[in-house]
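Naming convention: chains lettered A, B, ... in sequence-line order (proteins, then strands); numbering from 1 in each chain.
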2 protein chains.
Amino acid sequence: MKKKLPKPTEGELEILRIIWEQGPSTVRTVNDRLSTMKEVGYTTTLKIMQIMAEKGLLKRDTSGKTHIYHSSVSKQKTQQQLVDRLMEAAFGGSAMQLVMQALGNKPSTAEEIKEIRAFLDQLEGGKK
Amino acid sequence: MKKKLPKPTEGELEILRIIWEQGPSTVRTVNDRLSTMKEVGYTTTLKIMQIMAEKGLLKRDTSGKTHIYHSSVSKQKTQQQLVDRLMEAAFGGSAMQLVMQALGNKPSTAEEIKEIRAFLDQLEGGKK
DNA sequence: ATTTATCTACGAAAGAATTCGTAAAATGTT
DNA sequence: AACATTTTACGAATTCTTTCGTAGATAAAT
């Protein structure tokens, strides 16, 4: 019975994305990356990462001088959680409406559309 | 040049959904509806709606005794905004990834899948 | 007109999220 | 060893959201 982790905030999600991309990271490397996107102080990043560790979103190895943080939530699960939330909160639980909204505005390439079709094929085939 | 309205909070979104559904509403009717979903005091609903009016998410007619609130943001635009945000924040801007995540977990009916296909056809047709 | 009910206004409290200053601990440099 | 740098720890200030109590205004009922 694993307890449900809290939904990451916007700021936390930014950090998660960096760690998913880089793998286990120090505050320093996360902050360096983050700094290329926005103004942010080192201690601010540190604090957020410490809080994330408390919440269970990150785990940390404190054996060395510099602590190393790694994600304890998978990218996939987290994305799922966020999509589910939005689907519920804004679309009354309708996946289709969400999908159409997502596709409708953003012009997709023919290639992407093809991939989605293939994906739909697979979905149908699978559930027979 | 219309100024950008703030992103509604979760609580605000619930109220927006009710107003989108019911049309222009009083605090009373919104609160009645809201109360069927969760415990909430009348003044709480009132306060949130007042704040929403301040922010520009709602407009109100104060001519009568009872104020009437109506949405100043369209359902469509708001959904778009939220989807865009999530797409950016969690999927690096990829509509496709978001779509697959949305479809992948939630089992869709054959009917829905059909509709999505039709939608894709239309998308392709439209962009030549 | 007095009472009762409904509604708005105001403000306060509590909790979360974000930010950062300062200090202490660990490490590195000369 | 003395000094400088890096990192962690702590806590305070700020802002935002949510909640609701209380009071005042307006309308309805008797």
(message) Keeping B:R28 on the side-chain end and B:Y42 on the backbone end, is there a donor-acceptor pair under 3.5 Å?
(response) no
(request) Spell out, as yes or no, whether a donor-acceptor pair under 3.5 Å connects the side chain of B:Q79 to the backbone of A:A90. (result) yes
(message) If I take atom NE2 in residue A:H67 and atom P in nucleotide C:dA25, what distance separates them, rounded to the nearest angstrom?
(response) 14 Å
(request) Let me know the distance between CD1 of A:I48 and P of C:dC20, rounded to the nearest Å. (result) 10 Å
(request) Using a cut-off of strictly less than 4.0 Å between a heavy atom of the residue and any atom of DNA chain C, enumerate the qualifying residues of residues 13-46 of chain A by number. (result) A:G41, A:T43, A:T44
Show every donor-acceptor pair shorter than 3.5 Å between a side-chain atom in residues 32-41 of chain B and any protein atom, with sequence neighbours excluded, or say none if there are none.
| unit_1 | atom_1 | unit_2 | atom_2 | d |
| --- | --- | --- | --- | --- |
| B:S35 | OG | B:N31 | O | 2.7 |
| B:T36 | OG1 | B:R33 | O | 2.6 |
| B:K38 | NZ | B:E14 | OE1 | 3.1 |

Contacts of [X] that satisfy side chain to side chain donor-acceptor pair (under 3.5 Å) - sequence neighbours left out:
{"X": "B:Q50", "answer": "none"}
{"X": "A:E12", "answer": "A:K55"}
{"X": "A:D61", "answer": "A:S63"}
{"X": "A:Q97", "answer": "none"}

(request) Specify the residues of residues 50-65 of chain B, ordered by number, for which at least one heavy atom lies under 4.0 angstrom from an atom of DNA chain D. (result) B:I51, B:K55, B:K65
(request) For the helix from C:dA1-D:dT30 to C:dT30-D:dA1, figure out the bend between the end axes, five pairs an end, and round to 10 degrees. (result) 10°
(request) Write down the atom of A:V83, the atom of A:L98, and the distance for their closest heavy-atom approach. (result) O-CD1, 4.2 Å
(request) Considering non-hydrogen atoms only, spot the tightest contact between A:A95 and B:A102 and give its length. (result) CB-O, 4.0 Å
(message) If hydrophobic clusters are built from ILVMFWY residues whose side chains come within less than 4.5 Å, do B:L13 and B:I51 share one?
(response) no
All N/O donor-acceptor pairs, side-chain side in residues 64-73 of chain B, below 3.5 Å, sequence neighbours left out:
| unit_1 | atom_1 | unit_2 | atom_2 | d |
| --- | --- | --- | --- | --- |
| B:Y69 | OH | B:R60 | NH1 | 3.1 |
| B:S71 | OG | B:W20 | NE1 | 3.3 |
| B:S71 | OG | B:V73 | N | 3.1 |
| B:S71 | OG | B:V73 | O | 2.5 |
| B:S72 | OG | B:G56 | O | 2.4 |
| B:S72 | OG | B:L57 | O | 2.9 |

(message) Going by the rule side chain to side chain contact (heavy atoms under 4.5 Å, CB included), which residues pair with B:R85 if we only count those two or more places apart in sequence or in a different chain?
(response) A:E10, B:K7
(message) According to side chain to side chain contact (heavy atoms under 4.5 Å, CB included), who are the partners of B:S25, at least two apart in sequence or on a separate chain?
(response) B:I19, B:Q22, B:T29, B:V30
(request) With a 4.0 angstrom cut-off to heavy atoms of chain B, pull out the first and last contacting nucleotide of DNA chain D, in 5'-to-3' order. (result) D:dT17 to D:dA27
